[in-house]
Amino acid sequence: MAALLGMLPQDEQIITASDIGAIETATAEAAGAAGENSVCLLAHEVGSGPWYAYIWGRSAVAFLKAREEGLRIVTTLHADNPAQVEEVFGRCGIGREKALSAELQLFIQRLGMSSQRRVTAIYFNIGNRMQPVFQWDRKDDRLKALLTEEELIRKVSSTLAVAPNKFRNDWESYKELLMDLREQNINDFCAVADAVMNQAESAFK
């Protein structure tokens, strides 16, 4: 999750969903700003524990509602697939439609008893249904696409209401950037964030 947060637009404010008050304040301010400011609302986990920025019940409902006001919402929870994600939200009193409101779901698995982890599946909301677009191949230890690149571009750009050509150009440029970072063994959070920012700035020159 931290790696993805490093790729947010540099002017996007990250607000921690520490409790329902913080969530409702951020939502109200976003509604009043009429989309002038980009805000990412971050909950550490959808869970019933007493820890900081864990949301449950009314807090979880308010968190998902914040997306309707234009906030980006980011969180984690314990689930192995989209059906289990729905179950977790269901225990919070959240209906299936809102549980599916997130566009992107990544599933991570620990490798045995080691500290190593892998993203094992990536799902995207296509046609109001979470569909797998990448799957981890254990034998080759890599993520493999389940859609052709053209299918992915067409379906995702449609969901995001972005022109396919623009999405294709962005996809290619950022894919090239990430491949370059990997080849140079650059994986520090700040270094990657800076590289993404520079890429974004170059796109507007």
Side-chain angles (χ1 to χ4, degrees), residues 1-8 12 14-20 22-24 26-27 30 38-112 115-138 141-147 151-162:
M1 181 173 70
L4 291 177
L5 290 174
M7 297 185 184
L8 293 177
E12 186 163 324
I14 299 176
I15 297 176
T16 304
S18 55
D19 53 36
I20 192 167
I23 296 169
E24 291 178 340
T27 303
S38 298
V39 174
C40 173
L41 192 58
L42 171 65
H44 293 177
E45 185 170 316
V46 176
S48 58
W51 301 283
Y52 179 72
Y54 272 53
I55 58 173
W56 194 251
R58 289 177 56 238
S59 296
V61 173
F63 180 75
L64 282 185
K65 186 178 179 181
R67 187 175 182 275
E68 299 172 7
E69 297 297 339
L71 282 75
R72 189 194 309 271
I73 59 172
V74 176
T75 190
T76 67
L77 51 78
H78 288 280
D80 294 326
N81 52 57
Q84 291 184 14
V85 172
E86 287 185 45
E87 289 176 11
V88 173
F89 281 131
R91 294 200 298 273
C92 293
I94 296 170
R96 183 175 187 274
E97 184 176 347
K98 286 193 181 297
L100 285 173
S101 66
E103 293 165 349
L104 185 68
Q105 294 181 1
L106 282 77
F107 296 91
I108 299 174
Q109 177 181 319
R110 188 169 72 175
L111 300 183
S115 61
Q116 287 190 321
R117 288 169 170 78
R118 292 291 186 272
V119 174
T120 54
I122 299 176
Y123 282 73
F124 194 82
N125 192 331
I126 299 173
N128 202 33
R129 184 170 71 87
M130 297 307 299
Q131 296 188 28
V133 291
F134 285 90
Q135 188 77 39
W136 180 51
D137 184 303
R138 182 181 293 272
D141 193 17
R142 62 190 294 265
L143 281 171
K144 293 188 175 180
L146 301 179
L147 300 174
E151 286 178 312
L152 184 67
I153 290 169
R154 175 171 54 82
K155 292 182 177 182
V156 174
S157 62
S158 176
T159 298
L160 298 177
V162 176

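Values below: all heavy atoms of this structure, side chains included; hydrogens, waters and symmetry mates excluded. Numbers for residues simply follow the sequence, beginning at 1.
Contact annotation: the side chain of His44 approaches that of Thr16 to within less than 4.5 Å [non-hydrogen atoms, C-beta and beyond]. Looking only at side-chain heavy atoms (C-beta outward), Ile14 and Leu8 come within less than 4.5 Å of each other. No side-chain heavy atom of Phe107 sits less than 4.5 Å from a side-chain heavy atom of Ile122. Tyr123 is not listed as a side-chain neighbour of Val85, based on a closest heavy-atom distance of 4.5 Å or more. Between Ile108 and Thr76 the shortest side-chain heavy-atom distance does not fall below 4.5 Å. In this structure, the side chains of Phe63 and Ile94 stay at 4.5 Å or more apart for every pair of heavy atoms.
Proximity of a side-chain donor or acceptor of Gln84 to a complementary backbone N or O of Asp80 within less than 3.5 Å is detected. A donor-acceptor pair is defined here as one N or O able to donate and one able to accept, closer than 3.5 Å; such a pair exists between the side chain of Asn125 and the backbone of Arg129. Within the 3.5 Å criterion, the main-chain N or O of Ser115 finds a donor-acceptor partner in the side chain of Arg117.
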Applying side-chain contact (heavy atoms from CB on, under 4.5 Å) to His78 and Glu45, what does each step give before you reach the verdict?
CA-CA 9 Å; His78 288 280; Glu45 185 170 316; 3.1 Å; yes
Checklist entry - Going through the checks in order, is the side-chain contact (heavy atoms from CB on, under 4.5 Å) test met by Phe134 and Val119? => result CA-CA 9 Å; Phe134 285 90; Val119 174; over 6 Å; no
Would you sort out whether Phe124 and Gln131 count as a side-chain contact (heavy atoms from CB on, under 4.5 Å), showing the intermediate values? CA-CA 5 Å; Phe124 194 82; Gln131 296 188 28; over 6 Å; no
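The only member of Leu5, Thr75, Ile15 that meets side chain to side chain contact (heavy atoms under 4.5 Å, CB included) when paired with Leu42 is Leu5.
Of all non-hydrogen atoms in Tyr52 and Ser18, the two that sit nearest each other are CE1-CB, 3.4 Å. Minimum heavy-atom separation, Cys40 to Glu12: CB-OE2, 3.3 Å. The two atoms that bring Val46 and Cys92 nearest to each other are CG1-SG, 4.1 Å, heavy atoms only. Nearest heavy atom pair, residue Ile55 against residue Ala60, reads CD1-CA, 3.9 Å. The two residues Asp141 and Trp136 have their closest heavy-atom pair at OD1-NE1, 3.0 Å.
Atom CD1 of residue Ile23 and atom CG of residue Asp19 lie 7.0 Å apart, to the nearest 0.5 angstrom. Between Lys65 atom NZ and Glu24 atom CD the span is 8.5 Å, to the nearest 0.5 Å. Residue Arg110 holds its CZ atom at 14.0 Å from OG1 of Thr120, rounded to the nearest 0.5 Å. Thr27 contributes atom OG1, which lies 5.5 Å from atom CG of Leu71 (distance to the nearest 0.5 angstrom). Taken from CG in Leu106 to CE in Met1, the straight-line distance is 11.5 Å, to the nearest 0.5 Å. For the atom pair CD1 (Ile126) and CD (Glu151), the distance works out to 9.0 Å, reported to the nearest 0.5 Å.
For the side chain to side chain contact (heavy atoms under 4.5 Å, CB included) test, residues two or more places apart in sequence or in another chain that qualify with Leu146 are Pro132, Gln135.
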